[in-house]
Amino acid sequence: MVFKYHTSRTAPGPAIEGFLSSAPECDCDDLSRAVGLMHRLHSRFVYEKGVTGPETTAEEAMAVGRGVCQDYAQIMLSLLRCSGIPCRYVVGFTVGEGESHAWVEVLHEGTWYGLDPTGDTFVGPRHIKVSHGRDYDDCRINRGVFFGAHPVSQRVHANVSPVNDQEVSS
């Protein structure tokens, strides 16, 4: 199963190994262990834009201690894979947000459960999944090639709202 093995983006180093070794022991099932790691990561990692970039690995982000949803998700993948828990990276949107969002899914007893370490919550109806894969590289939604005489940049923004403008509960 490819979702049990590290990629170059999720390979652990001293920062991730140190975080994991200082986590309390859990005599529990994989999903409960994953939720415990999510809570711990959320409480110790700081959301901050502009500190990391698309090429930042889980280990680099953990060493800095700050980053965005992509970093939370990739660190979470690394922690879960170190624990032998099958998991995958997910990219999509959340209702009310305009930018893409990343979270993880954990395989437990044949079912994939979505965990959002950035928000420290289970994935629910406010999360809209676009794709999943081993890590960020499998799920880039802003991919493409442009050749021209002038430098360009691309910014993706989406307005996401519930069907019929009904409120979606968290």
Side-chain angles (χ1 to χ4, degrees), residues 3 5-20 22-23 33-83 85-106 112-146 151-161 168 170:
F3 298 116
Y5 301 104
H6 288 288
T7 66
S8 60
R9 288 188 171 276
T10 66
I16 287 176
E17 290 168 351
F19 180 90
L20 194 57
S22 66
R33 172 95 170 132
V35 170
L37 287 170
M38 176 181 70
H39 294 327
R40 191 161 187 273
L41 174 60
H42 180 79
S43 71
R44 297 177 193 268
F45 195 77
V46 176
Y47 185 90
E48 185 177 334
K49 290 183 177 183
V51 177
T52 60
E55 301 308 316
T56 304
T57 66
E59 176 63 21
E60 291 165 343
M62 179 61 92
V64 172
R66 299 183 320 263
V68 294
C69 61
Q70 169 189 314
D71 303 305
Y72 278 89
Q74 292 201 138
I75 291 169
M76 188 74 183
L77 292 175
S78 185
L79 295 170
L80 294 168
R81 290 174 182 163
C82 285
S83 301
I85 301 171
C87 55
R88 58 192 183 192
Y89 184 94
V90 179
V91 69
F93 297 92
T94 56
V95 173
E97 296 293 322
E99 298 177 344
S100 61
H101 187 58
W103 59 90
V104 302
E105 289 179 335
V106 175
W112 289 99
Y113 293 88
L115 300 176
D116 185 347
T118 309
D120 195 25
T121 187
F122 277 91
V123 169
R126 298 186 72 82
H127 291 78
I128 302 163
K129 180 177 176 177
V130 173
S131 66
H132 67 256
R134 296 165 298 165
D135 62 24
Y136 170 81
D137 287 329
D138 288 349
C139 301
R140 294 182 188 210
I141 61 173
N142 304 344
R143 224 189 285 208
V145 177
F146 175 80
V152 297
S153 63
Q154 176 182 359
R155 182 157 192 237
V156 175
H157 185 86
N159 292 323
V160 181
S161 61
V168 176
S170 298

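The model shown is predicted, which means the values in this text are computed figures rather than measured ones. The basis for the numbers below is simple: all heavy atoms, side chains too, and nothing from hydrogens, waters or symmetry mates.
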Compare every heavy atom of Leu115 with every heavy atom of Ala34, then report the nearest pair and how far apart it is. CB-CD1, 3.8 Å
Minimum heavy-atom distance Trp103-Ile128, with the two atoms named: CH2-O, 3.7 Å
Between Tyr89 and Ala73, which heavy-atom pair has the shortest distance, and what is it? CE1-CB, 3.7 Å
Got a sec: does the CZ of Arg134 have more than 12 other heavy atoms crowding it under 6.0 Å? no
State, yes or no, whether a side-chain contact exists between Ser22 and Arg40 at a heavy-atom distance under 4.5 Å. yes
Got more than 12 heavy atoms from elsewhere within 6.0 Å of OH, Tyr5? no
Side-chain donor-acceptor pair present, Asp135, Thr10, cut-off under 3.5 Å: no
With heavy-atom distances below 4.5 Å as the criterion, would you say the side chains of Trp112 and Val106 are in contact? no
Atom pair CD/CD of Gln74 and Glu60 - distance to nearest 0.5 Å: 10.0 Å
May I have the step-by-step check of side chain to side chain contact (heavy atoms under 4.5 Å, CB included) for Phe45 and Phe19, ending in yes or no? CA-CA 11 Å; Phe45 195 77; Phe19 180 90; over 6 Å; no
How about Pro12 and His6: do any of their side-chain heavy atoms sit closer than 4.5 Å? yes
For Ile75 against Ala58, the heavy-atom pair lying closest together: CG1-O, 3.5 Å
Just do the side chain to side chain contact (heavy atoms under 4.5 Å, CB included) check on Thr7 and Asp137 with the steps written out, would you? CA-CA 10 Å; Thr7 66; Asp137 287 329; over 6 Å; no
Reported OH-to-CG distance for the pair Tyr136 and Leu77, which is rounded to 0.5 angstrom: 14.0 Å
If we only count heavy atoms from C-beta on, is the Leu79 to Ile85 side-chain gap below 4.5 Å? no
Checking side-chain contact (heavy atoms from CB on, under 4.5 Å) between Thr118 and each of His101, His42, Met76, which is the one that passes? His101
Could you measure the distance from the CD atom of Glu99 to the OG1 atom of Thr94? Nearest 0.5 Å is fine. 9.5 Å
Give the minimum heavy-atom separation between Gly133 and Arg88, together with the two atoms involved. O-CB, 3.3 Å
Indicate yes or no for a side-chain donor-acceptor contact from His39 to the backbone of Gly36 under 3.5 Å, with no hydrogens or angles considered. no
I want to check something: taking the side chain as every heavy atom from C-beta on, are Tyr72 and Asp116 in contact at a cut-off of under 4.5 Å? no
Separation between CD1 of Ile16 and OG of Ser78, rounded to the nearest 0.5 Å: 3.5 Å
Quick one: pull up CE in Met38 and CG in Asp120 and give me the separation to the nearest 0.5 Å. 4.5 Å
OG1 of Thr121 to CZ of Arg126, rounded to nearest 0.5 Å, is 11.0 Å
How far apart are the closest heavy atoms of Pro125 and Val95, and which atoms are they? O-CG2, 4.3 Å
